[in-house]
K.L.:
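Handing you a structure now.
No hydrogens, no waters, no symmetry mates; every other heavy atom, side chains included, goes into these values. Chain identifiers are assigned alphabetically (A, B, ...) following the order of the sequence lines, protein sequences preceding nucleic acid strands; residue numbering begins at 1 within each chain.
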2 protein chains.
Amino acid sequence: MKKAAKRAAGLHRASLTKLHDLDAALELMYYGWRGMTLAADQYLATLGLSRPHHRILYVVARQPDISIGALIDVLGISKQALNRPLNLLLQRNLLTSKRSVEQHRTKLLRLTAEGQRIEQRASDYERKVLRAAFDRVGQTGAAAWMAVMGAIADNN
Amino acid sequence: MKKAAKRAAGLHRASLTKLHDLDAALELMYYGWRGMTLAADQYLATLGLSRPHHRILYVVARQPDISIGALIDVLGISKQALNRPLNLLLQRNLLTSKRSVEQHRTKLLRLTAEGQRIEQRASDYERKVLRAAFDRVGQTGAAAWMAVMGAIADNN
DNA sequence: TTCCTTAAGTCAACATAGTTGACGTGAGAA
DNA sequence: TTCTCACGTCAACTATGTTGACTTAAGGAA
């Protein structure tokens, strides 16, 4: 993609005047999120999937046999909002659901092999970006980044 | 807000099993973005405003007399998408637009005093979170964070 | 002056990602 | 048997975006 095309698509980093000390950091958070997710989103788009689908796959990959209700809690969305992307993933056989043996009213979700493959690829795109960035600053730099992000995340 | 309520609202940080080395970092990016913007978004919501409005105010604050077209480029959205939030801000007198003197077909945008006040407050909420996090890791830690985020942002 | 381009504005149709409310079904506990 | 719980689904709505088409007005070029 050419520079002009990137500018047109808003993919460049705008160089705005900084009014405050932390404006640069503020903008870096915005562009950082975009930089991490851009390639993954493009990959998912080729499959007709997007961020919500990836979020579901990511969580189920790390918590096999998770129930619908628990998944709703982790994602922080309503069951109605979960409904559509979840059904798409089931329909595409990226996810399976079966009733629990002892608790027959809860459903347990698992990734299929194909679902696992897609989750891994999409997340790999994101991890690859992080890896490259961490490699530039070394272990102590990476640790500092984690500490800062932890503090920001827990602020509330 | 109680812990249970936060869990229900998805405001906690889910503790998922880590399948890969960088999964923790990946999740921190997600929760970090949310942690930085949460208080600002809540403030904006009390005014009937949201992220797109804040983005406009932020950019115009740092580039007074910016044209509509330049604003579209910086934000990376279509003029139709800009239309609605921009008109709301003009209607609320948070923003003014006047024709350029020499280039009468371009419009120049500026913040009003009220618009400036709101932009500052909203951004302050975000900077406050960053400040608190940076204070915990010192100057070198903050610099490392900036370096990592810069590398992530520029990845493409 | 006429013609072409540019900047902005607006209308319509659509996609996606979410919300709340209401209601249904079937499982299991009291 | 009745009540609650987990899940499912329908409807209506909000918000933030997209593309395409068309208009208006300004201004440069022929």
K.L.:
Going 5' to 3' along DNA chain D, between which two nucleotides do contacts with chain A fall, using a heavy-atom cut-off of 4.0 Å?
P.N.:
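Nucleotide range in contact with chain A: D:dT4 to D:dC10.
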K.L.:
Does this structure show an ion pair linking A:Arg121 with A:Asp124, if we count only N-O contacts that are shorter than 4.0 Å?
P.N.:
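Looking at A:Asp124 together with A:Arg121, the answer is no, because their closest N to O distance does not fall below 4.0 Å.
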K.L.:
When you measure from every atom of DNA chain D, which of residues 102-110 of chain A have a heavy atom less than 4.0 Å away?
P.N.:
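The stretch gives A:Arg105, A:Thr106, A:Lys107 as the residues lying under 4.0 Å from the strand, ordered by number.
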K.L.:
Does B:Tyr31 use its side chain to pair, donor to acceptor, with the backbone of B:Ala14 at less than 3.5 Å?
P.N.:
yes
K.L.:
Hey, could you give me each pair passing salt bridge (charged side-chain N to carboxylate O under 4.0 Å, His left out) that has a residue in residues 94-113 of chain B? Not counting sequence neighbours.
P.N.:
B:Asp65-B:Arg110
K.L.:
Applying a strict under-4.5 Å side-chain criterion to I, L, V, M, F, W and Y, I'd like to know whether A:Ile56 and A:Leu47 cluster together.
P.N.:
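In one cluster: yes.
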K.L.:
Test: salt bridge (charged side-chain N to carboxylate O under 4.0 Å, His left out). Region: residues 85-94 of chain B. Which pairs qualify, not counting sequence neighbours?
P.N.:
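The answer is none; no pair qualifies.
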K.L.:
Any side-chain heavy atom of B:His54 within less than 4.5 Å of one from B:Leu49?
P.N.:
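No. Closest side-chain heavy atoms not under 4.5 Å.
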K.L.:
Does anyone know the first and last nucleotide of DNA chain C in reach of chain B, 5' to 3', at under 4.0 angstrom to a heavy atom?
P.N.:
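Listed 5' to 3', the contact boundaries are C:dT5 to C:dC11.
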K.L.:
Check whether any side-chain N or O of B:Arg34 sits under 3.5 Å from a backbone N or O of B:Tyr30 as a donor-acceptor pair, and report yes or no.
P.N.:
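Here the side-chain-to-backbone pair does not exist.
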K.L.:
Mapping B:Ser67 and A:Val101 to their closest nucleotides on DNA chain C, which lands nearer the 5' end?
P.N.:
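Closest to the 5' end, via its nearest nucleotide, is B:Ser67.
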K.L.:
So, A:Asp23 side chain and A:His20 main chain: donor-acceptor pair closer than 3.5 Å or not?
P.N.:
yes
K.L.:
Tabulate below the donor-acceptor pairs under 3.5 Å that side-chain atoms of residues 80-91 of chain B make, not counting sequence neighbours, or state none.
P.N.:
| residue | atom | partner | partner atom | Å |
| --- | --- | --- | --- | --- |
| B:Asn83 | OD1 | B:Asn87 | ND2 | 2.5 |
| B:Asn87 | ND2 | B:Asn83 | O | 3.4 |

K.L.:
Report the residues that fulfil salt bridge (Lys or Arg N to Asp or Glu O under 4.0 Å) with B:Lys18, sequence neighbours left out, ordered by chain and then residue number.
P.N.:
B:Glu27
K.L.:
Only counting residues at least two apart or in another chain, list the ones meeting salt bridge (Lys or Arg N to Asp or Glu O under 4.0 Å) with B:Lys128.
P.N.:
none
K.L.:
Which of residues 78-95 of chain A have a heavy atom under 4.0 Å from DNA chain C?
P.N.:
A:Ser78, A:Gln80, A:Ala81
K.L.:
Cation-pi between A:Arg62 and A:Tyr58: NZ/CZ under 6.0 Å from ring centre and within 45° of the ring axis?
P.N.:
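Yes, A:Arg62 lies over the aromatic ring of A:Tyr58.
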K.L.:
Using atom types as modelled, flag every donor-acceptor pair under 3.5 Å from a side chain in residues 132-143 of chain A to any protein atom, sequence neighbours excluded.
P.N.:
none

K.L.:
Near A:Arg131 CZ, under 6.0 Å, is it more than 12 heavy atoms from other residues, nucleotides or ligands?
P.N.:
no
K.L.:
Using a heavy-atom distance cut-off of less than 4.0 Å, which residues of residues 49-61 of chain B contact DNA chain C?
P.N.:
none
K.L.:
Once salt bridge (charged side-chain N to carboxylate O under 4.0 Å, His left out) is applied, what residue pairs with a partner in residues 46-60 of chain B remain, sequence neighbours excluded?
P.N.:
B:Asp41-B:Arg51, B:Arg51-B:Glu126
